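Reading through the structure tokens given below for one structure.
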Amino acid sequence: MTSIEIIQTDITTLAVDAIVNAANNTLLGGGGVDGAIHRAAGPQLVQECSALGGCPTGEAKITKGYRLPAKHVIHTVGPVWHGGDKGEPRLLENAYRNCFRVARHHNLTSIAFPAISAGVYGYPMADGAKIALSIASEEAAKGGFERIIFVPFNSQAEKVYRDAAAALGIG
Ligand code: APR
């Protein structure tokens, strides 16, 4: 039975099989959650990332977690929001789906997601949360995952996620 959880915390503190990084196409680090993950993981993370040749928007690549309590980091690149009619929803869906695909490929059973694209990239958080939770619900129904965790970074974001989950009848 898969649990879909919403936990307001710093994603770098979670001891799960994989935490997801909201990266940019270079995979060489940045601000926001990307910066927090690289700071917590230590310099070996960017070393491994720099050998991956970047990551197209909507795709996902896995690395070790190094000094993080998480075993792995799954790096994905969400879309920059340009109003919603430039294919952003599809690209965000692809990002979440590819993270699950990579996790399954590596037999990972616990995964934690930040609000991909909802910070610097400007994606409306409620719309993004709906996409994330809908896909999580599909993945839970397929089986194979013990824990799927969404990690809002403040109480306002947590309310957005809890409202979206309630609207979808999740949890
Ligand atoms: N734990 C959990 N969530 C966090 C953390 C953290 N330690 N730090 C930030 N967040 C939240 C933000 O509050 C936001 O809701 O992660 C969400 C995603 O925001 P960003 O990190 O800005 O990511 P994104 O909007 O996808 O923009 C990606 O920002 O940092 C750069 O290199 C990154 O260029 C890329 C861009």
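Excluded from the calculations below are hydrogen atoms, water molecules and symmetry mates; all remaining heavy atoms, backbone and side chain alike, are included. Whatever order the structure lists them in is the order used to number ligands and atoms, beginning at 1. All figures in this text were calculated on a predicted structure; none of them were measured in a lab.
A donor and an acceptor atom, one from each side chain of R97 and N94, are nowhere located under 3.5 Å apart.
Of the N or O atoms in F153, none lie within a sub-3.5 Å distance of an N or O in ligand 1. Ligand 1 has a nitrogen or oxygen under 3.5 angstrom from a nitrogen or oxygen of G31. Inclusion of I116 in the set of residues having an N or O under 3.5 Å from an N or O of ligand 1 is not warranted. Considering backbone and side-chain N/O atoms, A36 never comes within less than 3.5 Å of an N/O atom of ligand 1.
Of the protein's non-hydrogen atoms, the one nearest atom 26 (O) of ligand 1 is S117 N, 2.9 Å. Atom 25 (O) of ligand 1 has its closest protein heavy atom at G119 N, 2.8 Å. The protein heavy atom nearest to atom 1 (N) of ligand 1 is I11 N, 3.0 Å. Among protein heavy atoms, atom 22 (O) of ligand 1 sits closest to V120 N, 2.9 Å.
Within ligand 1, the atoms closer than 4.0 Å to a non-hydrogen atom of A115 are 15 (O), 17 (C), 18 (C), numbered from 1 in the order shown. Heavy-atom contacts of M125 reach the following atoms of ligand 1: 15 (O) (cutoff under 4.0 Å). Every atom of ligand 1 is numbered from 1 in the order shown, and the set under 4.0 Å from a heavy atom of A22 is 23 (O), 26 (O), 28 (C), 33 (C). Interface of D34 with ligand 1, defined as ligand atoms under 4.0 Å from a residue heavy atom, comprises 30 (O), 32 (O), 33 (C). Residue D10 has at least one heavy-atom neighbour below 4.0 Å for each of these atoms of ligand 1: 1 (N), 6 (C), 7 (N). Atoms of ligand 1 lying under 4.0 Å from at least one heavy atom of G30, given by number and element, are 30 (O), 32 (O).
Nearest-residue assignment for atom 8 (N) of ligand 1 (options I19, V20, V160, V33; heavy-atom criterion): V33. Considering only non-hydrogen atoms, atom 28 (C) of ligand 1 lies nearest to Y121 out of Y121, F113, F150, Y123.
Here the rule is side-chain hydrogen bond (donor to acceptor under 3.5 Å, both in side chains) with Y66, and of H72, Q44, E48, K71 only E48 fits it. Test D17, I149, I74 against I111 for side chain to side chain contact (heavy atoms under 4.5 Å, CB included) and you get one pass: I74. Here the rule is side chain to side chain contact (heavy atoms under 4.5 Å, CB included) with L45, and of N21, T63, L27 only T63 fits it.
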| request: Tell me, with the steps shown, if L108 and I62 meet side-chain contact (heavy atoms from CB on, under 4.5 Å). | output: CA-CA 11 Å; L108 309 185; I62 192 167; 3.9 Å; yes

| field | Verdict with supporting geometry, Q8 and S155, side-chain contact (heavy atoms from CB on, under 4.5 Å) | value | CA-CA 7 Å; Q8 181 192 337; S155 50; 3.8 Å; yes

| message | side-chain contact (heavy atoms from CB on, under 4.5 Å), that's the test. Do R104 and E139 meet it? Break it down for me. | response | CA-CA 10 Å; R104 284 185 186 280; E139 292 296 331; 2.9 Å; yes

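Within the 4.0 Å heavy-atom cutoff, A157 does not count among the residues contacting ligand 1.
Looking only at side-chain heavy atoms (C-beta outward), P56 and V77 stay at 4.5 Å or farther from each other.
Judged purely by atom type and a 3.5 angstrom limit, K61 has no side-chain atom pairing as donor or acceptor with the backbone of T76.
Taking the six-membered ring for Trp and the full ring otherwise, F100 and F113 have centroids separated by under 6.0 Å.
Of all heavy-atom pairs spanning M125 and A157, the tightest one is SD-CB, 3.4 Å.
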